[in-house]
Protein chains: 2
Amino acid sequence: MGKPTVHDIAKTAGVSLATVDRVLNARPGVRQKTIDRVNEAIDSLGYIRDLSAANLARQRVYRFAFVLPEGPDQFVETLRASLQEAAANGQSDRLGIKQYRIPPRDPHAIVGVLQRIGNSHYEGVAIMAPETPEVRDAILRLKEQGIAVVALVSDLPTSGRDWFVGTNNIAAGRTAGQLMGQFQKDPNGKILVVSSSMLARDAIERRLGFDKVIAERFPDLNVLPSLEGHGDTERIARIIKRAFELNPDISGVYSIGSGNKSLLEAIEPFRIANSPIIIGHELTPTMRKALIQDNIDAVITQNVGHLARSAIRVLKAKCDNAKLLESQERIRIEIVLRENL
Amino acid sequence: MGKPTVHDIAKTAGVSLATVDRVLNARPGVRQKTIDRVNEAIDSLGYIRDLSAANLARQRVYRFAFVLPEGPDQFVETLRASLQEAAANGQSDRLGIKQYRIPPRDPHAIVGVLQRIGNSHYEGVAIMAPETPEVRDAILRLKEQGIAVVALVSDLPTSGRDWFVGTNNIAAGRTAGQLMGQFQKDPNGKILVVSSSMLARDAIERRLGFDKVIAERFPDLNVLPSLEGHGDTERIARIIKRAFELNPDISGVYSIGSGNKSLLEAIEPFRIANSPIIIGHELTPTMRKALIQDNIDAVITQNVGHLARSAIRVLKAKCDNAKLLESQERIRIEIVLRENL
DNA sequence: AACAAAATGAGGTACGCACCTCATTTTTTG
DNA sequence: CAAAAAATGAGGTGCGTACCTCATTTTGTT
């Protein structure tokens with residue numbers, strides 16, 4: 001005998017198919033006593049609902065909304081592309097995925113988008129946005145409507161989101177720090193930190209982890225106060241130049257956030273004299289090229305394909321009320337060198 | 001109108017459902033002309049077969065055999081556990097997975113197991129075994145029977161396997177070499193290489209990559225001839241001791257294969273004086289512990305969960321004649337430090 | 001006890017596909 | 001041109017589930 005089916009449940013519970021169906025799909029009109037009988041039968045038989053048959057019968061489509069920041073950012077763009085790919089590939093998986101763009105620094109606009117989404121019969125939402133009270137409340141409202149929500153890349157812990165798809169940024173910062181420390185030849189070198197991220201929280205956490213590791217394990221290194229690029233190429237060039245002029249003995253540069261292209265260009269003139277260790281985040285095309293050309297030593301990153309697929313899997317699992325394989329959904333902090341690209 | 005179905009194909013091709021079915025499932029008794037008509041209709045409509053409905057109809061179970069070496073090896077054991085997990089989780093995915101154990105150094109026995117598998121109506125086989133002519137031929141025979149075959153962890157390029165699930169071991173060796181080089185404080189240090197692997201090919205390739213990177217990028221480092229542990233704890237202790245006595249200035253140890261536990265224990269006495277950089281492969285429980293306790297600097301590894309799931313996905317895709325998302329199946333060479341465990 | 005309300009049963013249809021049978025039509029062959 | 005062979009059509013059943021309708025039974029209320 002194969003896997004137990006609804007018929008087997010009906011038989012062993014001594015009820016009709018209709019009642020089994022009512023219990024399975026939480027429809028009203030069944031006494032608690034009967035519900036219990038059916039549930040007993042279910043787990044005595046070890047019944048497992050055939051999801052694909054169920055989805056076939058109800059012609060189900062998983063409607064998910066992905067909310068990502070707009071604006072020029074290679075990381076977000078590659079993430080969008082991965083999503084696109086996963087969604088295309090998953091047209092056979094009954095996926096209906098739509099991407100939304102939000103201005104990352106305008107909480108009001110973000111809330112507007114989330115409200116629209118809430119009114120559009122989505123079953124799940126994945127959102128990458130800075131943590132603000134407005135956004136948090138909008139997410140709470142989505143949750144109240146029974147919509148599954150995952151935070152993407154940047155966590156929104158107080159929002160009641162069901163899950164966070166991304167890395168621990170403190171640990172990512174620690175990893176960068178550890179590498180920076182171990183790559184240093186001069187134990188007393190000066191480390192320049194350049195910040196700027198679309199999501200403040202990430203930058204802060206990475207910086208925290210970085211500083212902690214340096215303090216704990218490489219106390220002789222001298223981490224300079226961080227510079228803010230604000231995504232402005234000229235500004236970056238200016239402040240980098242000044243930093244290297246003031247500190248000719250800089251032996252390491254840690255780039256916390258985005259805008260790596262401008263930064264790398266700005267550093268270029270000082271590489272020959274100082275040959276500082278350079279470490280950054282997110283394996284964008286720019287960073288990939290920089291690794292290949294030996295313009296950078298290591299990139300700490302998260303796999304965007306994994307991010308996209310994990311978010312989809314988690315949302316699906318939440319919708320199906322299924323438990324997920326956590327080991328598969330843990331986004332790893334990847335260290336990429338030239339050799340393991 | 002929703003997604004096109006077989007009915008739509010029949011209509012637009014001007015044939016009956018039975019004929020569409022014959023074409024779709026490659027059953028005989030259809031003229032080439034008609035086949036073409038149906039196929040035209042299929043791609044003009046952009047028809048995509050609903051795999052879950054199809055699998056439901058035919059009560060399909062994907063029967064896969066996983067052939068892994070027996071014997072005490074933490075890496076293989078964690079891989080087995082991941083497989084177990086994936087298989088258990090995938091009972092809802094119509095998976096029927098069975099694991100086989102082979103003595104890795106007995107090609108004859110391996111062939112016997114593969115023959116048994118060939119007679120047991122499997123649809124797919126994943127195999128982790130050393131490359132020998134006997135094994136290669138046995139795999140060729142499996143392929144002739146129409147069974148999908150993937151090589152696992154260690155490639156079998158001449159066997160006609162459909163796919164390789166694992167990392168490029170040359171690149172893994174290069175990565176180890178790069179890290180070893182960049183972690184060195186003394187540019188003229190001596191590097192000890194300890195070999196021993198269940199699969200000769202892996203060890204050779206890693207060694208190759210390691211040596212190449214050192215030669216290219218850290219030419220002043222002195223890589224000593226490699227020592228062979230052969231999985232014998234006492235022997236390892238002996239040869240390590242001798243190596244450190246002969247070369248008191250060893251500043252790095254690269255462990256190519258398995259048997260890391262014995263190796264780490266053997267090195268312990270020399271850590272205080274030399275504090276060499278230690279790099280090894282495969283994130284087993286032993287290695288994890290060593291990282292946490294700062295007994296080792298880096299582990300180059302591949303994610304066993306990913307290996308297991310990828311092998312399953314690939315086999316499934318091969319059975320379904322579907323194309324696979326290659327970016328998802330590329331097993332990454334992971335660098336694990338204490339901080340990004 | 002009589003009645004309304006609630007619970008349950010019986011049975012059907014649909015989802016998209018696989019697989020089967022048996023007639024009927026078309027093509028090939030001698 | 002007739003007979004044999006091949007191709008096609010028409011229709012049905014089942015996979016495991018969802019969802020619906022309408023009787024019928026059981027329960028609770030007064």
Side-chain angles (χ1 to χ4, degrees), chain A residues 1-39 41-42 45-62 91-96 123 319-322, chain B residues 1-39 41-42 45-62 91-96 123 319-322:
Chain A
M1 42 177 181
K3 312 263 178 277
T5 74
V6 280
H7 293 85
D8 301 318
I9 301 177
K11 242 175 282 175
T12 59
V15 299
S16 72
L17 264 181
T19 301
V20 173
D21 177 71
R22 290 183 184 110
V23 173
L24 276 178
N25 295 293
R27 273 185 261 278
V30 187
R31 266 182 308 176
Q32 190 55 47
K33 229 172 126 183
T34 318
I35 295 182
D36 294 341
R37 273 232 307 291
V38 172
N39 281 328
I42 286 177
L45 286 174
Y47 168 81
I48 299 168
R49 185 205 227 95
D50 184 329
L51 245 182
S52 58
N55 286 341
L56 171 62
R58 58 201 333 212
Q59 297 201 86
R60 176 168 197 171
V61 174
Y62 295 90
Q91 72 194 57
S92 45
D93 300 341
R94 307 178 185 285
L95 284 179
E123 297 187 74
C319 289
D320 292 335
N321 232 319
Chain B
M1 42 178 181
K3 312 260 177 276
T5 75
V6 281
H7 293 84
D8 301 317
I9 302 177
K11 242 174 281 173
T12 59
V15 298
S16 71
L17 265 181
T19 299
V20 173
D21 178 69
R22 289 182 185 111
V23 174
L24 276 178
N25 296 292
R27 273 185 260 277
V30 188
R31 266 182 308 178
Q32 189 54 47
K33 230 171 124 182
T34 317
I35 295 182
D36 295 341
R37 275 233 306 290
V38 173
N39 281 328
I42 287 177
L45 286 174
Y47 168 81
I48 298 168
R49 187 205 226 95
D50 185 330
L51 244 182
S52 58
N55 286 341
L56 172 62
R58 58 203 329 217
Q59 295 194 256
R60 177 166 199 172
V61 174
Y62 294 90
Q91 71 195 58
S92 44
D93 299 341
R94 307 181 187 283
L95 283 179
E123 295 187 74
C319 288
D320 292 335
N321 234 318

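These values consider heavy atoms only, across backbone and side chains, with no hydrogens, waters or symmetry-generated copies. Throughout, protein chains are lettered first and strands after them, A, B, ... in sequence-line order, and every chain is numbered starting at 1.
A pairwise comparison of heavy atoms in A/Val38 and A/Val15 identifies CG2-CG2, 4.0 Å as the closest pair. Taking all atoms of both residues into account, the shortest heavy-atom contact from B/Asp320 to B/Arg60 is OD1-NH1, 3.1 Å. Nearest approach of A/Val61 to A/Gly96, heavy atoms of both residues: CG1-N, 3.8 Å. B/Ala41 approaches B/Thr12 most closely through the heavy-atom pair CB-OG1, 3.3 Å. A/Thr19 approaches A/Thr34 most closely through the heavy-atom pair CG2-CG2, 3.9 Å.
Rounded to 10°, the helix from C/dA1-D/dT30 to C/dG30-D/dC1 has 20° between the axis fitted to its first five pairs and the one fitted to its last five.
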Under 4.0 Å protein heavy-atom contact, by nucleotide of nucleotides 16-30 of chain C - B base, S sugar-phosphate only: BBBB-------S---
Under 3.5 Å donor-acceptor pairs involving side-chain atoms of residues 48-55 of chain A, not counting sequence neighbours:
unit_1: A/Arg49; atom_1: NH2; unit_2: A/Leu24; atom_2: O; d: 3.4
unit_1: A/Arg49; atom_1: NH2; unit_2: A/Asn25; atom_2: OD1; d: 3.0
unit_1: A/Asp50; atom_1: OD1; unit_2: A/Ser52; atom_2: N; d: 3.1
unit_1: A/Asp50; atom_1: OD1; unit_2: A/Ser52; atom_2: OG; d: 2.8
unit_1: A/Asp50; atom_1: OD1; unit_2: A/Ala53; atom_2: N; d: 3.0
unit_1: A/Asp50; atom_1: OD2; unit_2: B/Arg94; atom_2: NH2; d: 2.9
unit_1: A/Ser52; atom_1: OG; unit_2: B/Arg94; atom_2: NH2; d: 3.4
unit_1: A/Asn55; atom_1: ND2; unit_2: A/Leu51; atom_2: O; d: 3.4
unit_1: A/Asn55; atom_1: ND2; unit_2: A/Tyr62; atom_2: OH; d: 3.1

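To the nearest angstrom, P of D/dA7 lies 14 Å from CZ of B/Arg37. Computed from coordinates, the A/Asp36 CG to C/dA7 P distance equals 14 Å when rounded to whole Å. Atom pair A/Lys33:NZ and D/dT27:P shows a separation of 7 Å (rounding to whole Å applied).
Between B/Val23 and B/Val20, the closest side-chain pair of non-hydrogen atoms is not below 4.5 Å.
For residues 27-38 of chain B, the pairs satisfying salt bridge (charged side-chain N to carboxylate O under 4.0 Å, His left out) are B/Asp21-B/Arg27, with sequence neighbours left out. Residue pairs satisfying the salt bridge (charged side-chain N to carboxylate O under 4.0 Å, His left out) criterion with at least one member in residues 4-15 of chain B, sequence neighbours excluded, are absent.
Residues of residues 8-16 of chain B that place a heavy atom closer than 4.0 Å to DNA chain D, in numerical order, are B/Gly14, B/Val15, B/Ser16.
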